[in-house]
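Inspection log for the structure reproduced underneath, given as structure tokens.
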Amino acid sequence: MEGKIDPHPEAAAGFAAAGENHAPRVLIVTAVAAEREAVLRGLGGSSRFEVLAAGAGTAAAAAGTAAALAAGPYGCVISAGIGGGFPGLAPVGSLAVASEMIAADLGAETPEGFRSAAELGFGSVSVPADSGTAEALAAALAAAGLVVSTGPVLTVSTATGTAGTAAALAARHPGAVAEAMEGHGVAVAAHRFGIAALELRAISNPVGPRDRAAWKIPEALDALAAAAAILLEVL
Ligand SMILES: O=C(O)c1cccc(C(=O)CC[C@H]2O[C@@H](n3cnc4c(=O)[nH]cnc43)[C@H](O)[C@@H]2O)c1
């Protein structure tokens, strides 16, 4: 996988150590208020979780996450919300848990095609999720009877709207299960603070030709709320 940032050892150690006596606080970052409300509905008032609607896109997500972490402390940060699912991997109404958060359109167009920022020598475009927690979350979601897929989740500045772009993204990122617009920004901010990051998406639409009227937003928000209830068990 191109240009990965190594997991932060202090973050992993701090998360585990804090969990031995009292569980650490968890910051959940959504884009919009409706996603925040769905997460809060699932959490049922747990005081260990702070849920922030930081705005859409990586800049708002990273700035909001960094500001919240500066006022911390937190043991874990989760980018959560609705997202597009890659057909055949993450159906509408299902959940996606990221193995890594990739800035999929950060780079340059060249006559030979898209080149990522990593290929251009500008550093990483991928932040790994805290693998143990991501795997535990996916297993708990599945055990609760929810449909869940695990794999890279792409962060894009422009939501995919054509079959051609969907195919190009899938070819560049084999196994990518979903796309959204904030995960990489949240993860970069978390990594800067040495804190473990995750991304959780409830699939509202397929990645492909744009049909906004067909997005299943209420169903996705219900799935997000159901997943948030499982977070209480896992974190
Ligand atoms: O209109 C509403 O009621 C409503 C309720 C909840 C969320 C929304 C959004 O529009 C959220 C925007 C947010 O969604 C992510 N997203 C969803 N599908 C995709 C996609 O196919 N490609 C990229 N991003 C997607 C994204 O993270 C946006 O920030 C509306």
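Model, not experiment: these values are computed from the prediction. Counting starts at 1 for both ligands and their atoms, in listed order. Just so it is clear, the values below take in all heavy atoms, side chains as well, and ignore hydrogens, waters and symmetry mates. Counting begins at 1 with the first residue of the sequence.
- Summary of contacts: the protein heavy atom closest to atom 27 (O) of ligand 1 is Glu182 OE1, 2.6 Å.
- Counting only heavy atoms of the protein, atom 23 (C) of ligand 1 lies nearest to Glu179 OE2, 3.4 Å.
- Of all the atoms in ligand 1, the ones that sit under 4.0 Å from a non-hydrogen atom of Val32 are 6 (C), 7 (C).
- At least one donor-acceptor pair closer than 3.5 Å links the side chain of Arg36 to the backbone N or O of Val51.
- Here the side chain of Arg201 pairs a donor or acceptor atom with the backbone of Ile82 at under 3.5 angstrom.
- Given atom 14 (O) of ligand 1, the protein heavy atom at minimum distance is Ile82 CG1, 3.4 Å.
- Heavy-atom contacts of Ala31 reach the following atoms of ligand 1: 29 (O) (cutoff under 4.0 Å).
- Between the side chain of Arg48 and the main chain of Val26, no donor-acceptor pair closer than 3.5 Å is present.
- Between Met181 and ligand 1, at least one N/O pair is under 3.5 Å apart.
- Judged by distance alone, with hydrogens and angles left aside, the side-chain atoms of Glu119 form a donor-acceptor pair with the main-chain N or O of Ser116 at under 3.5 Å.
- Contact annotation for Arg201 and ligand 1: only side-chain heavy atoms (C-beta onward) come within less than 4.0 Å of the ligand.
- Heavy-atom contacts of Ala56 reach the following atoms of ligand 1: 29 (O) (cutoff under 4.0 Å).
- With hydrogens left out, the protein atom closest to atom 13 (C) of ligand 1 is Glu35 OE2, 4.1 Å, a heavy atom.
- In this structure, the side chain of Thr58 does not engage the main chain of Gly185 through any donor-acceptor pair within 3.5 Å.
- Here the protein heavy atom with the shortest distance to atom 3 (O) of ligand 1 is Ile217 CG2, 4.1 Å.
- For atom 5 (C) of ligand 1, a protein heavy-atom neighbour is present inside the 4.0 Å cut-off.
- A cation-pi contact, defined as under 6.0 Å to the ring centre and within 45° of the axis, is absent between Arg25 and Phe49.
- Proximity of Ala34 to ligand 1, defined as any heavy-atom pair under 4.0 Å, is confined to the side chain (atoms from C-beta onward).
- At a threshold of 4.5 Å between non-hydrogen side-chain atoms, the residues Glu179 and Thr160 count as touching.
- At a 4.0 Å cut-off, at least one heavy atom of Gly83 sits close enough to ligand 1 to count as contact.
- Listed for the Ser94 side chain is a donor-acceptor partner under 3.5 Å among the backbone atoms of Pro91.
- In terms of protein heavy atoms, atom 19 (C) of ligand 1 is closest to Gly84 N, 3.5 Å.
- With hydrogens and angles ignored, the 3.5 Å screen pairs a side-chain donor or acceptor of Asp105 with a backbone N or O of Ser157.
- Taking 4.0 Å as the cut-off, Arg212 counts as a neighbour of ligand 1 on heavy-atom distance.
- Considering only non-hydrogen atoms, atom 21 (O) of ligand 1 lies nearest to Asn205 out of Leu221, Asn205, Thr58.
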Checklist entry - Could you walk me through whether Ser126 and Glu100 pass the side-chain hydrogen bond (donor to acceptor under 3.5 Å, both in side chains) check? => result CA-CA 6 Å; Ser126 172; Glu100 59 182 309; 2.4 Å; yes

